[in-house]
Amino acid sequence: VQLQASGGGLVQPGGSLRLSCTASGFSLGSSTIAWFRQAPEKEREGVSCIDRTGDRTFYGDSVRGRFTISRDSATNTVYLQMNSLTPEDTAVYYCASDQFTLCGRAGLVPYGFLGGWGQGTLVTVSS
């Protein structure tokens, strides 16, 4: 499975970005989809996940209340709306899929997503 993450860029503190995760030849609706991020010299961090139906979502403590994950089955896309961005949000953001991982605090770990990963999109928050 090949996922594509896009939508990153340079934004000022307090600004917003929307990331997109798409897939070719694969329905994202068949899997739990997650967003992870990795800043320089830091471990990969779970940001958010959404289950197959979109009914269950989970957010990491550092982004809860600012980020929103959603899925659009018509376009086979999962979005991550990021608001009130801070320099601490600067990282490469990856989307990942897995058919069996449950979306939640315990499931939002990199080794739980074995179905496929996107190439990452860089988000830089700076004035």
Side-chain angles (χ1 to χ4, degrees):
V1 175
Q2 188 67 37
L3 306 180
Q4 295 87 39
S6 62
L10 174 64
V11 63
Q12 292 186 341
S16 299
L17 279 176
R18 188 177 76 164
L19 306 184
S20 299
C21 178
T22 59
S24 299
F26 169 72
S27 172
L28 295 181
S30 65
S31 299
T32 295
I33 305 298
W35 286 95
F36 294 87
R37 68 185 182 185
Q38 188 163 19
E41 301 181 358
K42 290 188 176 181
E43 294 187 354
R44 193 163 294 191
E45 173 191 13
V47 175
S48 182
C49 57
I50 186 167
D51 72 356
R52 298 179 186 184
T53 64
D55 291 337
R56 179 176 176 85
T57 60
F58 178 81
Y59 300 92
D61 292 340
S62 61
V63 307
R64 188 173 296 116
R66 301 186 297 123
F67 291 11
T68 303
I69 192 170
S70 62
R71 62 164 75 239
D72 184 343
S73 59
T75 60
N76 199 33
T77 304
V78 171
Y79 298 103
L80 184 69
Q81 178 67 43
M82 307 186 296
N83 298 329
S84 302
L85 287 163
T86 74
E88 288 67 39
D89 295 314
T90 295
V92 177
Y93 284 71
Y94 302 88
C95 58
S97 70
D98 196 272
Q99 288 186 310
F100 304 107
T101 294
L102 298 178
C103 177
R105 183 177 297 276
L108 190 56
V109 292
Y111 56 79
F113 285 81
L114 304 179
W117 285 76
Q119 81 288 0
T121 185
L122 176 62
V123 172
T124 303
V125 185
S126 175
S127 56

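Start at 1 with the first residue, then count along the sequence.
For N76, the side chain to side chain donor-acceptor pair (under 3.5 Å) test picks out no residue, with sequence neighbours left out. With sequence neighbours left out, R44 forms a salt bridge (charged side-chain N to carboxylate O under 4.0 Å, His left out) with no residue at all. Contacts of T53 classified as side chain to side chain contact (heavy atoms under 4.5 Å, CB included), with partners at least two apart in sequence or in another chain: D51, D55.
Scanning all heavy atoms of the two residues, the minimum distance from F113 to A34 falls at CZ-CB, 3.4 Å. The two residues Q38 and K42 come nearest to each other via the heavy atoms NE2-O, 3.1 Å. The heavy-atom pair separating S48 from L80 by the smallest distance is CB-CD1, 4.2 Å. The shortest heavy-atom contact between L108 and C49 is CD1-CB, 3.9 Å.
For T68 (side chain) and Q81 (main-chain N/O), no donor-acceptor pair under 3.5 Å exists by modelled atom type. Looking at S31, its side chain never comes within 3.5 Å of a backbone N or O of I33 through a donor-acceptor pair. T77 places no side-chain N or O within 3.5 Å of a backbone atom of T22 that could act as its donor or acceptor partner. Listed for the R52 side chain is a donor-acceptor partner under 3.5 Å among the backbone atoms of Q99. Under a 3.5 Å cut-off, the side chain of D98 and the backbone N or O of L114 do form a donor-acceptor pair. In terms of modelled atom types and a separation under 3.5 Å, the side chain of R66 and the main chain of S62 share a donor-acceptor contact. Side-chain atoms of S126 never come within 3.5 Å of backbone atoms of T124 as a donor-acceptor pair (strictly under, hydrogens ignored). Judged by distance alone, the side chain of Q119 and the main-chain N or O of A5 form a donor-acceptor pair under 3.5 Å.
Here the straight-line distance linking atom CZ of F58 with atom CG of L102 works out to 12.5 Å at 0.5 Å rounding. Separation of atoms CH2 (W35) and OH (Y94) is listed at 12.0 Å; rounding is to 0.5 Å. Within the model, atoms CG of L28 and CZ of F26 stand 6.0 Å from one another, a figure rounded to the nearest 0.5 Å. Atoms CD and CZ, from E43 and R37 in turn, are 13.5 Å apart once rounded to the nearest 0.5 Å.
A cation-pi arrangement is absent between R105 and Y59 under the rule of less than 6.0 angstrom and at most 45 degrees off the ring axis. In this structure, R18 is positioned above the aromatic face of Y79, its NZ or CZ under 6.0 Å from the six-membered ring centre and within 45° of the axis.
A side chain to side chain contact (heavy atoms under 4.5 Å, CB included) with V78 holds for exactly one of I50, L3, D72; it is I50. Each of L19, L10, T90 was evaluated against V123; a single residue qualifies, L19, per the side chain to side chain contact (heavy atoms under 4.5 Å, CB included) test.
Taking a 6.0 Å sphere around CZ of R64, one finds it holds more than 12 heavy atoms contributed by other residues, nucleotides or ligands. Within a 6.0 Å sphere centred on CG of L122, heavy atoms belonging to other residues, nucleotides or ligands number more than 12.
Hydrophobic clustering (side-chain heavy atoms under 4.5 Å, transitive across Ile, Leu, Val, Met, Phe, Trp, Tyr) keeps V11 apart from V92.
Looking at Q4 and S20, their side chains never bring a donor and an acceptor atom within 3.5 Å of each other.
Checked against the 6.0 Å centroid threshold, F36 and W117 count as a close aromatic pair.
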List the steps and the verdict of side chain to side chain contact (heavy atoms under 4.5 Å, CB included) for F67 and T57. CA-CA 11 Å; F67 291 11; T57 60; over 6 Å; no
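Proximity of S16 to M82: side-chain heavy atoms (C-beta onward) are nowhere separated by under 4.5 Å.
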